[in-house]
Protein chains: 2
Amino acid sequence: MTAKRNTWQREAVREALNESEGFVSAQALHSHLRDGGSPIGLATVYRALADLATQGEADSLQQEGESLYRACTPGSHHHHLICRECGLTVEIRADEVEHWAKAVAAEHGFTEPNHIVDVFGLCAKCSRA
Amino acid sequence: MTAKRNTWQREAVREALNESEGFVSAQALHSHLRDGGSPIGLATVYRALADLATQGEADSLQQEGESLYRACTPGSHHHHLICRECGLTVEIRADEVEHWAKAVAAEHGFTEPNHIVDVFGLCAKCSRA
DNA sequence: AACACTGTTGATAACGAATCTCATTACGGT
DNA sequence: ACCGTAATGAGATTCGTTATCAACAGTGTT
């Protein structure tokens with residue numbers, strides 16, 4: 001009976017992730033938690049984030065050689081519109097793109113298609129500055 | 001008169017990149033060059049690849065914490081269909097996606113939209129195995 | 001062709017993100 | 001309360017990438 005246990009650390013990471021606007025790095029999240037008085041370890045934050053991503057409770061993307069994470073609505077496939085400046089993130093559904101990806105893959109004989117689709121830009125607020 | 005100089009090292013990297021099928025890491029390219037008898041340094045390979053990417057002669061993507069590079073047709077915006085197994089890569093044009101990305105960005109007040117779009121899958125050959 | 005100027009190279013050190021180790025802790029069922 | 005074992009965490013380790021800096025080599029000039 002290998003069972004997954006519930007620890008306050010995992011919950012702390014989940015909460016901290018939910019409080020964060022936009023994508024954050026594991027290290028940033030760890031610092032934030034420590035600043036908040038939590039004695040949580042860095043390795044644990046990495047593990048918790050990896051788990052959350054696996055379970056579909058968090059999305060991740062790679063930027064400048066590091067992984068960034070963000071809480072997301074579980075069970076729904078979606079993509080992100082991200083502000084390069086402030087990190088503000090909007091979830092976007094894009095059925096057209098899903099179909100396109102699948103079609104393009106099939107067209108070239110590829111199977112089991114995955115895809116990475118992210119849009120970066122400057123949000124309205126940052127555009128004015 | 002700050003001028004960029006032509007060295008055999010840069011040319012060697014460009015050639016090695018053109019010979020490679022699919023995306024390769026800087027380290028892999030360096031090993032390949034050394035195996036071929038070239039005494040080129042690792043740092044130089046990194047610099048050359050970064051330059052090529054900046055000049056639009058190479059595309060790069062991040063996978064599992066490392067940057068991969070590939071020669072590409074300069075001046076043309078395109079995306080990639082990549083085999084997870086063997087690395088075979090196909091350049092794909094996708095005007096629909098370009099428009100979609102621009103539209104979605106504008107819709108949410110975002111300006112200067114960039115986007116990352118890559119499709120992964122198993123190519124016909126690898127699908128059979 | 002010799003020269004000087006300066007961009008480039010490369011061995012190595014340094015850095016940083018992420019993972020591994022392993023003794024200790026603590027969750028969860030009995 | 002007890003036990004089995006998953007989870008934790010401080011530190012060491014791995015690994016990709018970048019910085020350092022003295023030696024080198026393109027490039028334009030004389």
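The residue A:L42 sits apart from the nucleic acid: no heavy atom pair falls under 4.0 Å.
The 12-atom threshold is exceeded at CZ of B:R34, counting heavy atoms of other residues, nucleotides or ligands nearer than 6.0 Å. Within 6.0 Å of CD in B:E91 there are more than 12 heavy atoms belonging to other residues, nucleotides or ligands. Within a 6.0 Å sphere centred on CD of B:Q55, heavy atoms belonging to other residues, nucleotides or ligands number more than 12.
Between A:S67 and C:dA17 there is no side-chain N or O to OP1 or OP2 distance below 4.0 Å. Of the side-chain N and O atoms in A:Q9, none sit less than 4.0 angstrom from OP1 or OP2 of C:dA26.
Side-chain contact check for B:Q9 versus B:V13: every heavy-atom pair is 4.5 Å or farther apart. The shortest distance between side-chain heavy atoms of A:E96 and B:E96 does not fall below 4.5 Å. Taking 4.5 Å as the limit, every side-chain heavy atom of A:T89 sits out of range of all side-chain heavy atoms of A:E21. The shortest distance between side-chain heavy atoms of B:I82 and B:L61 falls below 4.5 Å.
The stretch residues 21-38 of chain A touches DNA chain D through A:R34, each having a heavy atom under 4.0 angstrom from the strand. Residues of residues 43-53 of chain B having a heavy atom closer than 4.0 Å to DNA chain D, listed by number: B:A43, B:Y46.
Following chains of ILVMFWY side-chain contacts shorter than 4.5 Å, one cannot reach B:V117 starting from A:I116, and the two form parts of different hydrophobic clusters. Residues A:L52 and A:Y46 do not share a hydrophobic cluster, defined by chaining ILVMFWY side chains whose heavy atoms lie under 4.5 Å apart.
Between the A:H30 side chain and the A:T44 main chain, no donor and acceptor come within less than 3.5 Å of each other. Of the possible polar contacts, none joining the B:H32 side chain to the B:A28 backbone as a donor-acceptor pair under 3.5 Å is found.
Atom pair B:E64:CD and D:dG16:P shows a separation of 11 Å (rounding to whole Å applied). Remark: P of D:dT17 and CD of B:Q63 are 12 Å apart, rounded to the nearest angstrom. Remark: C1' of D:dT18 and CD of A:E66 are 15 Å apart, rounded to the nearest angstrom.
Defining each end axis of the helix from C:dA1-D:dT30 to C:dT30-D:dA1 as the rotation carrying four pairs' C1' atoms onto the next four, with five pairs an end, the two axes are found to diverge by 40° to 10 degrees.
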Table of protein N/O atoms under 3.5 Å from nucleotides 25-28 of chain D N/O atoms:
from, atom 1, to, atom 2, distance (Å)
D:dG26, N2, B:R5, NH2, 3.0
D:dT27, OP1, B:N6, N, 3.1

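Pairs of residues two or more places apart, or lying in two chains, that qualify as ring pair (Phe, Tyr, Trp, His ring centres under 6.0 Å) and include a residue from residues 48-96 of chain B are B:F23-B:H80, B:H77-B:H79, B:H77-B:H115, B:H78-B:H80, B:H79-B:H115.
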Let me have the donor-acceptor pairs involving side chains of residues 103-114 of chain B, under 3.5 Å, with sequence neighbours excluded, atom names and distances please.
from, atom 1, to, atom 2, distance (Å)
B:H108, ND1, B:V104, O, 3.1
B:T111, OG1, A:S127, OG, 2.7

